[in-house]
Amino acid sequence: MSGITYVRGDATVPSVKGVKVIAHVCNDIGGWGKGFVLALSRRWPEPEAAYRAWHRGRSGNDFGLGAAQFVQVEPYVWVANLVGQRGIRTGSKGVPVRYEAIDAALGRLADKAVELGASVHLPRIGCGLAGGKWSRVEPLIAERLVRRGIAVTVYDHGD
């Protein structure tokens with residue numbers, strides 16, 4: 001799909017100039033401890049601390065499916081915590097991924113990226129522990145981000 005650059009590497013170390021937003025999908029129950037978040041937490045403590053505080057204070061804020069939280073971790077680097085999965089387990093209602101929530105959160109991400117003049121960097125969000133299919137997520141990224149002229153790089157971990 002045009003407009004999305006695919007590379008092998010670590011999404012926590014984007015090697016482009018300018019402001020960067022590293023985006024990933026979180027669950028709606030306050031869990032942080034498996035998958036891509038471990039790589040984030042190894043680099044910066046702030047995204048996890050902010051996410052946990054956001055979840056703790058959810059009765060008085062916008063925490064929930066489709067929400068997005070932006071945490072500045074370096075002068076030109078932000079992390080976007082996108083709430084796009086219901087719980088953490090596959091059960092009778094299927095896999096945890098919620099495409100409509102990812103879509104809503106990507107809209108918020110696009111607004112922030114435009115405001116910052118930033119490029120967006122992410123793993124294949126929603127397709128790891130959340131159980132989603134890239135064929136469903138990729139068009140959302142194209143519609144919400146690429147169509148607005150935002151440079152998007154998707155990272156596949158490994159050699």
Side-chain angles (χ1 to χ4, degrees), residues 3-58 61-89 95-98 101-132 134 137-138 140-141 144-146 148 150-159:
I4 299 176
T5 302
Y6 290 87
V7 298
R8 284 227 170 269
D10 182 349
T12 67
V13 283
S15 60
V16 298
K17 297 216 179 305
V19 180
K20 298 164 273 293
V21 179
I22 299 168
H24 69 107
V25 164
C26 308
N27 61 65
D28 66 348
I29 60 168
W32 181 292
K34 285 190 171 169
F36 183 70
V37 298
L38 296 177
L40 284 174
S41 290
R42 276 195 293 276
R43 285 187 63 81
W44 307 285
E46 298 92 348
E48 177 179 359
Y51 169 78
R52 291 189 184 281
W54 188 30
H55 176 262
R56 268 194 314 277
R58 66 192 175 280
N61 65 35
D62 67 345
F63 183 92
L65 286 170
Q69 180 189 52
F70 303 97
V71 183
Q72 190 167 12
V73 293
E74 291 180 13
Y76 296 99
V77 182
W78 294 71
V79 172
N81 294 329
L82 310 178
V83 184
Q85 71 181 73
R86 163 90 59 209
I88 55 173
R89 296 205 174 15
V95 294
V97 71
R98 292 295 179 268
I102 289 175
D103 187 45
L106 285 170
R108 291 177 175 89
L109 171 59
D111 291 343
K112 187 67 170 182
V114 167
E115 174 193 319
L116 295 170
S119 55
V120 172
H121 304 266
L122 56 159
R124 292 186 187 234
I125 59 170
C127 298
L129 297 169
W134 188 245
V137 176
E138 185 185 47
L140 302 177
I141 291 170
R144 292 294 190 160
L145 301 172
V146 175
R148 290 186 63 184
I150 298 163
V152 176
T153 304
V154 173
Y155 294 75
D156 287 315
H157 204 66
D159 305 325

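These numbers come from a predicted model, not from an experiment. Atoms considered below: every heavy atom in the structure, side chains included; atoms not considered: hydrogens, waters and symmetry mates.
The side-chain contact (heavy atoms from CB on, under 4.5 Å) check on Ala130 picks up Gln85, Val97, with sequence neighbours excluded. Residues forming a ring-ring contact (aromatic ring centres under 6.0 Å, His included) with Tyr155 (at least two apart in sequence, or on another chain): His121.
Here the shortest heavy-atom pairing between Asp62 and Ala68 reads OD2-O, 4.5 Å. The two residues Ala23 and Val120 come nearest to each other via the heavy atoms CB-CG1, 4.4 Å. Closest approach of Gly35 to Leu129, counting heavy atoms only: N-CD1, 3.6 Å. When all heavy atoms of Ile125 and Trp134 are compared, the pair lying nearest together is N-CZ3, 3.9 Å. The shortest non-hydrogen separation linking Gly84 to Ala101 is CA-CB, 4.0 Å. Residues Val71 and Ala50 share a closest heavy-atom pair of CG2-CB, 3.6 Å.
No side-chain heavy atom of Thr153 sits less than 4.5 Å from a side-chain heavy atom of Ser119. Looking at Cys127 and Val137, their side chains come closer than 4.5 Å, going by heavy atoms from C-beta outward.
Considering CG of Asn27 and CG of Asn81, their distance stands at 10.5 Å, rounded to 0.5 Å. Taking NE2 of His157 as the reference point, atom CZ of Arg124 lies at 14.0 Å (rounded to 0.5 Å). Between atom CD1 of residue Ile141 and atom CD1 of residue Ile150 there is a gap of 11.5 Å, rounded to the nearest 0.5 Å. In this structure, Phe70 CZ and Glu115 CD are separated by 8.5 Å, a value rounded to the nearest 0.5 Å. The line from CD of Glu48 to CZ of Arg42 is 12.0 Å long, rounded to the nearest 0.5 Å. With values rounded to the nearest 0.5 angstrom, Cys26 atom SG is found 11.0 Å from His55 atom NE2.
Side-chain atoms of Tyr76 do not come within 3.5 Å of backbone N or O of Lys20 as any donor-acceptor pair. Using a distance-only test at 3.5 Å, with no hydrogens or angles considered, no donor-acceptor pair links the side chain of Arg56 to the main chain of Gly30. The closest donor-acceptor contact from the side chain of Asn61 to the backbone of Trp54 lies under 3.5 Å. For the pair Arg43 (side chain) and Thr12 (backbone), a donor-acceptor distance under 3.5 Å is present. Between the side chain of Asp28 and the backbone N or O of Gly87, at least one donor-acceptor pair lies under 3.5 Å. Using modelled atom types, one side-chain atom of Gln72 and one backbone atom of Pro75 make a donor-acceptor pair closer than 3.5 Å.
Applying side chain to side chain contact (heavy atoms under 4.5 Å, CB included) to Leu82 and the options Leu109, Leu122, Leu65 leaves one that passes, Leu109.
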- Working for side-chain contact (heavy atoms from CB on, under 4.5 Å), residues His24 and Ile22: CA-CA 7 Å; His24 69 107; Ile22 299 168; 5.9 Å; no
- Item | Test log, rule side-chain contact (heavy atoms from CB on, under 4.5 Å), inputs Val37 and Tyr51 | CA-CA 11 Å; Val37 298; Tyr51 169 78; over 6 Å; no
- Task: Check step by step if side-chain contact (heavy atoms from CB on, under 4.5 Å) holds for Val83 and Gln69.
- Result: CA-CA 9 Å; Val83 184; Gln69 180 189 52; over 6 Å; no
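In the displayed structure, Arg89 atom CZ is contacted under 6.0 Å by at most 12 heavy atoms of other residues, nucleotides or ligands.
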